[in-house]
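Since the structure comes first, as structure tokens, the remarks are kept for the end.
Computation of the quantities below employed the complete heavy-atom set of this structure, encompassing side-chain atoms and omitting hydrogens, waters and symmetry-equivalent molecules.
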Amino acid sequence: MPVSLPAALDLVLPLLRCPSCGAELSPADGALRCPRRHSFDVARHGYVGLLTGARATSGDDGPMARARRDFLAAGRYAPIRAAVADLAAEADLPGGIEGPATVVDVGCGTGYYLAGVLDALPGAVGLGLDTSSHALRVAAKAHARAAAATWDVFRPFPIGSERVDVLLDVFAPRNPAEFHRVLRPGGVLVVVRPFGGHLAELRRQVTQMVTVDPDKERRLHQALDPHFEMARTQEVEYTTPLTRQEAVDLVLMTPSARHVTEAELPDDGALPDQVTVSVLATAYRRR
């Protein structure tokens, strides 16, 4: 029996294009289909599988997605989500006959930041893109106005040119040329990345954790500068308490999970009961 199309997917259909031929997509028997009959199934969990060909291997596996869901639900990163929503308001949003504002979160994970922006932009519609089907099962239900689809940030996006008002890239890989293509004039790209002493207390105890590359800022600006100019940056830095389970989830939701298992983490009492969060969040405008 075909899966019914989620209401949020209907809302974002005007954004989407067939990944195979670039044509518009329409609903068809629990799938999306283009006039050339390329078809993309909607999973029973509510996301659409647009990514075809070789499977990407960089996305969250099941345990990583669960750790991300549980840690973010605890609210320890709520100040980051608030900063993302605040910077998203830099966009010149459409109105009237132009249709609803559109928000796309690239590398959306479980949809936590996308949902925060949609809460701050009443009437806007959102689309989360990620390679992880495990994370997208959560993202597809993260907000009533958010749809979700499988996609790889390094491929040309299945989105029409100049159709996006707010583009989010939170702790995710970047594709500056595609960001520029899909963003409308007047839209904003919001990029969040760690810096300085981010999670320093945890890194001292868990030596397998991936470190913050001190050259990251230079490389970020070098990559974005041909396409974007900086509009506003917020430095988000604070200390938050952690339970042991939150500390474990925080390690296991990051790329560090590929280097350490829960069984290899320090015993109870050895993990820090608080941690420093230090990130930069920047709104960029299209050149």
Side-chain angles (χ1 to χ4, degrees), residues 58-59 68 72 77-93 101-118 120-121 124 126-131 135 139 146 151-157 159 162-199 210-238 253-255 277-287:
S58 58
R68 186 180 308 282
L72 293 175
Y77 274 11
I80 301 176
R81 183 158 93 155
V84 171
D86 180 58
L87 290 169
E90 293 278 331
D92 301 326
L93 299 178
T102 53
V103 183
V104 173
D105 188 350
V106 180
C108 68
T110 56
Y112 177 74
Y113 300 100
L114 177 59
V117 171
L118 293 176
L121 299 178
L127 172 67
L129 300 176
D130 205 284
T131 58
W151 199 250
D152 183 344
V153 65
F154 298 113
R155 300 190 191 185
F157 297 169
I159 295 173
E162 298 187 359
R163 299 304 304 266
V164 179
D165 296 294
V166 178
L167 197 57
L168 307 180
D169 185 278
V170 184
F171 304 124
R174 290 170 286 275
N175 187 334
E178 278 298 282
F179 288 174
H180 185 270
R181 181 185 68 80
V182 302
L183 197 64
R184 281 178 175 158
V188 297
L189 164 67
V190 179
V191 178
V192 178
R193 64 278 188 199
F195 87 110
H198 185 58
L199 309 185
V210 176
T211 59
V212 178
D213 183 353
D215 198 39
K216 193 178 187 73
E217 279 301 293
R218 184 192 64 80
R219 290 188 287 105
L220 171 69
H221 294 306
Q222 186 177 47
L224 291 181
D225 190 62
H227 305 282
F228 296 93
E229 58 184 1
M230 190 183 301
R232 182 161 64 98
T233 293
Q234 287 193 33
E235 182 177 328
V236 183
E237 187 166 83
Y238 59 96
M253 77 182 214
T254 71
V277 176
S278 184
V279 307
L280 294 176
T282 302
Y284 293 89
R285 288 198 177 274
R286 193 173 182 267
R287 291 192 186 278

For this session: Kindly say whether Leu93 contributes a backbone atom to a donor-acceptor pair with the side chain of Arg184 at under 3.5 angstrom?
Result: no
Problem set entry | Side-chain donor or acceptor of Arg287 paired with backbone N/O of Asp225 under 3.5 Å | yes
Problem set entry | Criterion side-chain contact (heavy atoms from CB on, under 4.5 Å) on Phe171 and Val279, from CA distance to verdict | CA-CA 10 Å; Phe171 304 124; Val279 307; 3.7 Å; yes
Problem set entry | Residues in side-chain contact (heavy atoms from CB on, under 4.5 Å) contact with Pro79, at least two apart in sequence or another chain | Val236, Tyr238
For this session: Considering non-hydrogen atoms only, spot the tightest contact between Gly109 and Arg68 and give its length.
Result: CA-CD, 4.3 Å
Exercise. Hey, what do you get for CH2 (Trp151) to CG (Leu129), rounding to the nearest 0.5 Å?
Worked result: 9.0 Å
Exercise. Closest approach of His227 and Pro176, non-hydrogen atoms and distance?
Worked result: CD2-CB, 3.6 Å
Exercise. When you look at Asp169 and Arg193, which way does the salt bridge (Lys or Arg N to Asp or Glu O under 4.0 Å) test go after all the steps?
Worked result: CA-CA 9 Å; Asp169 185 278; Arg193 64 278 188 199; over 6 Å; no
For this session: Find the distance between OH (Tyr112) and OG1 (Thr110) and round it off to the nearest 0.5 Å.
Result: 9.0 Å
For this session: State, to 0.1 Å, how close Leu118 and Gly126 come at their nearest heavy-atom pair, and which atoms those are.
Result: CD2-N, 3.9 Å
Exercise. Of the non-hydrogen atoms in Asp130 and Cys108, which two are nearest, and what is the gap between them?
Worked result: OD2-N, 3.3 Å
For this session: Could you give me the CA-CA distance, side-chain angles and deciding distance for Glu162 and Val182, then say whether side-chain contact (heavy atoms from CB on, under 4.5 Å) is met?
Result: CA-CA 4 Å; Glu162 298 187 359; Val182 302; over 6 Å; no
Exercise. Between Asn175 (side chain) and Val153 (backbone), is there a donor-acceptor pair under 3.5 Å?
Worked result: yes
Exercise. Is the shortest heavy-atom distance from the side chain of Leu167 to the side chain of Tyr284 under 4.5 Å?
Worked result: no
Problem set entry | Reported CG-to-CD1 distance for the pair Leu127 and Ile159, which is rounded to 0.5 angstrom | 5.5 Å
Exercise. Checking Asp165 side chain against Gly187 main chain: does a donor-acceptor pair fall under 3.5 Å?
Worked result: no
Exercise. How about Val188 and Leu87: do any of their side-chain heavy atoms sit closer than 4.5 Å?
Worked result: no
Problem set entry | Among Leu280, Val170, Thr282, the one residue meeting side-chain contact (heavy atoms from CB on, under 4.5 Å) with Val192 | Val170
For this session: With the side chain counted from C-beta on, respond yes when Leu224 and Met230 share a heavy-atom pair under 4.5 Å apart, and no when they do not.
Result: no
Problem set entry | Shortest non-hydrogen contact between Ala85 and Gly116, atoms and distance | CB-O, 4.0 Å
For this session: Indicate yes or no: at least one non-hydrogen side-chain atom of Val164 is less than 4.5 angstrom from one of Phe157.
Result: no
For this session: Could you give me the CA-CA distance, side-chain angles and deciding distance for Lys216 and Phe195, then say whether side-chain contact (heavy atoms from CB on, under 4.5 Å) is met?
Result: CA-CA 8 Å; Lys216 193 178 187 73; Phe195 87 110; over 6 Å; no
Exercise. In Å, rounded to the nearest 0.5 Å, how long is the span from CZ of Arg163 to CZ of Arg181?
Worked result: 11.5 Å
Exercise. Once you round to the nearest 0.5 Å, how far does CZ of Phe228 lie from CZ of Phe179?
Worked result: 7.5 Å
For this session: Please report the closest heavy-atom contact between His198 and Ser278, naming both atoms and the distance.
Result: ND1-N, 3.1 Å
For this session: Answer yes or no: is there a side-chain heavy-atom contact under 4.5 Å between Arg219 and Asp213?
Result: yes
Problem set entry | Criterion side-chain contact (heavy atoms from CB on, under 4.5 Å) on Glu237 and Val277, from CA distance to verdict | CA-CA 5 Å; Glu237 187 166 83; Val277 176; over 6 Å; no
Problem set entry | Qualifying side-chain hydrogen bond (donor to acceptor under 3.5 Å, both in side chains) pairs with a residue from residues 80-93, counting only residues at least two apart or across chains | Asp86-Arg232, Asp86-Gln234, Glu90-Arg232
